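Owing to the predicted nature of the structure, the values given are computational and were not obtained by experimental measurement. Labels below follow one simple rule: chain letters A, B, ... track the order of the sequence lines, proteins then strands, and each chain is numbered from 1.
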Amino acid sequence: MLDLRLIRENPKLISEGFNRRGMHVDLKPIQIDIEELKNIEETRSNLQSKGNKIGKEVGLKIKSGINPNSEELKALKSEGIQIKQRVAQLEEREKSLSEKLKTQILNFPNIPSENCPTGKDETNNKEIRRWGNPLQGNDFKEHWEIANNLDLFESERSSRIAKSRFVTLFGQGAKLERALINLMLDIHIEKGYKEVLPPALVNTSSLTGSGQLPKFSEESFKCNEDDLWLSPTAEVPLTALHRNEIIPIDLLPLKYVAYSPCFRREAGSYGRDTKGLIRLHQFNKVELYWFSDPDKSSEAHKQLTLDAEAILQILELPYRVLELCTGDLGFSASRTFDLEVWLPGSNKFREISSCSICGDFQARRSSIRTKSAKTTKLIHTLNGSGLAVGRTMAAILENGQQPNGNVTLPKALVPYFGNTELTRT
RNA sequence: GGAGAGGUGGCUGAGUGGUUGAAAGCGGCUCCCUGCUAAGGAGUUACAGGAGGUAACUUCUGUCGAGGGUUCGAAUCCCUCCCUCUCCGCCA
């Protein structure tokens, strides 16, 4: 959420930020509403002040022994009633105005960081670095073919259980998923992250706090009987973990790593990535999350990205790092580095992690602050996958595939999996 | 799901209609005294928003789980909801 005060005092900064995202919003009407709201608040609080004084006066007079039914007191009381009625009128207007403003502002995305390159869409993203040697050739199979051969998972019967875009893992496939989750968690814990296993269902406030609501309600599954949604990413419960808190500055940064199943409706992606593990309604993810001192968040962003990259390196998976341009930036992010893993079967890089700094955007929505000696200020939040587990499995299958149909596993995974390769059983 | 109890400041915990934003204690901070592993004394210590001032600061409003209501006046009375705890039932 953007700062009301900033909209009031520096609307240019905001509209320029929106322009860089390719959005054009006229802030004038909002500014007018903010101004009116301010004026109403002022008159209202003056009236209340008057009312409070009358209340006290009545109390004192009664105490001093004046007849409670005297004309003097009656007059005071009726003045009190009148004030109360006028206050009620003002409050009504105030409430509808501030609700209107709030919904508008909750629908505004974050302002891109000045470091974020301006661009129209994903074609303007900037490659920053590469790691590893991508396998090239025409003989590489896509991961679902490999998996099918090894009986790792099945999609068709999963739609019997649930619907399309769900997958059921079997045998070595299930075990590999488990091994990957454990490896990722262990490595991050080793680096000082605190492990969290959050609820998979989250309420409306949590989704609003991290930016998924109100704008993207069609992206998440909702439980109709309750104020609960299936969490689309652990970013949501992790942000909500410290909602309405003031975190002492010497405790920062708080670094969390969370494994969670993630649920997404994938509305509007019919026909895309219908095969395999790339785009599912339910997938597993290990998420990295920082609550950072706002003065140190830029450095934190780089570190978080490196921590996510470390998993790819340990798993010997070639990848590249992209800096997203303003046109491809997510709603809550002010700057994002995407990690894309190499998939030789389809001969391209695929997103496997998105490492974003959100500045105070989520912190303002969720009211998460820090306190140093004198001042209280909003903290900065950062998140990134470390990594998306299903896509990691796809990458391991495609990069480790052998001509005989087996898959050689990265060395680091062997202790977790208990074998050096996946074989036909 | 049924019955009961309760939700107050960083924490513990008073407060059942009138200068109570809230006693007391703990903790935190500042200063003083003393000087050796400690103790004592004084002061200070919630959050949000508005107005005024370069600023230190002053001032107004709101906030005692949330939202309504009664009243000139509510932490205190009434209603609804949420949450926590205890007992019973059910359940992985």
How long is the line joining [atom1] of [X] and [atom2] of [N], in whole Å?
X      : N     : atom1 : atom2 : result
A:K84  : B:G68 : NZ    : C1'   : 12 Å
A:K77  : B:U71 : NZ    : P     : 11 Å
A:Q85  : B:U71 : CD    : P     : 11 Å
A:L73  : B:G73 : CG    : P     : 14 Å
A:L228 : B:C82 : CG    : P     : 13 Å
A:N46  : B:C60 : CG    : P     : 11 Å
A:I40  : B:A51 : CD1   : P     : 15 Å
A:E41  : B:C60 : CD    : C1'   : 13 Å

**Message:** Using atom C1' in both nucleotides, what's the gap between B:C60 and B:G65 to the nearest angstrom?
**Reply:**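 Rounded to whole Å, the distance is 26 Å.
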| field | B:U19 to B:A74 separation - P atoms, rounded to the nearest Å | value |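 Roughly 11 Å separates the two P atoms.
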Does [N] have its OP1 or OP2 closer than 4.0 Å to a side-chain nitrogen or oxygen of [X]?
X      : N     : result
A:N244 : B:C47 : no
A:K95  : B:G68 : yes
A:R44  : B:G62 : no
A:S49  : B:U61 : yes
A:N52  : B:G73 : no
A:R8   : B:G50 : yes
A:K53  : B:G73 : no

> Stepwise, does the ring pair (Phe, Tyr, Trp, His ring centres under 6.0 Å) test hold for A:H380 with A:F361?
Replying inline: CA-CA 8 Å; A:H380 281 187; A:F361 187 81; over 10 Å; no
| request: Could you pick out which residue, A:I54 or A:E57, lies toward the 5' side of RNA chain B when each is mapped onto its nearest nucleotide? | output: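 Per heavy-atom nearest nucleotide, the more 5' residue is A:E57.
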- Query: Mapping A:S45 and A:K56 onto RNA chain B by nearest heavy atom, which one lands closer to the 5' end?
  - Reply: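 On the 5' side of the pair lies A:K56.
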Cation-pi geometry met for A:K255 and A:Y193 (6.0 Å, 45°) |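 Output yes; distance and angle both within limits.
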Exercise. Are A:K285 and A:Y259 in a cation-pi setup, meaning NZ or CZ lies under 6.0 angstrom from the ring centre and within 45 degrees of the ring axis?
Worked result: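 Negative - A:K285 is either too far from the ring of A:Y259 or too far off its axis.
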Counting any heavy atom closer than 4.0 Å, what does [X] reach on the DNA or RNA strands: base, sugar-phosphate only, or nothing?
X     : result
A:K38 : sugar-phosphate
A:I81 : sugar-phosphate
A:I62 : base

Main-chain N/O of [Y] paired with [X] side-chain donor or acceptor, under 3.5 Å:
X      : Y      : value
A:R165 : A:S159 : no
A:N107 : A:T103 : yes
A:S49  : A:S45  : no

Partner of [N] by Watson-Crick or G-U wobble geometry, both contacts under 3.5 Å, or none?
N     : answer
B:G40 : B:C32
B:G4  : B:C85
B:U76 : none
B:A46 : B:U63
B:A14 : none

